[in-house]
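Bear in mind the structure is a predicted one, so any value in this text is a computation, not a measurement.
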Amino acid sequence: LLQRPVRSILDDWKEEGPDDPEGDKRLLHEALDILRQHKDNPDAWTDWEDFEDELNRAEEANELPD
């Protein structure tokens, strides 16, 4: 069997979508707004493990939307 090398996400741009500078600016501004909000309230952040635990609990309790 031939082994295929693992490709980097940087080598695969098919999911990038069309060139949209205005959309890119809008996404950047939204991300910066969120960062500013969380800077003022650092307790709003959660780490990945805590998020996964919360998600798993919600899934087990059937609390996630369909």
Counting N and O atoms only, with roles assigned by atom type, does the side chain of Asn56 sit under 3.5 Å from a partner on the main chain of Glu52, one being a donor and the other an acceptor? yes
Heavy-atom nearest pair, Asp50 first then Thr46, reads CB-OG1, 3.3 Å
Return each pair, listed once, that meets side chain to side chain donor-acceptor pair (under 3.5 Å) where at least one residue sits in residues 23-34; pairs must be two or more places apart or across chains. Asp33-Arg36
Is there a path of hydrophobic side-chain contacts, each under 4.5 Å between heavy atoms, that joins Leu35 and Leu27? no
What is the distance from atom CD of Glu63 to atom CD of Glu54, rounded to the nearest 0.5 Å? 9.5 Å
More than 12 heavy atoms of other groups within 6.0 Å of Asp20 CG: yes
How far does CH2 of Trp48 sit from CG of Asp53, to the nearest 0.5 angstrom? 11.5 Å
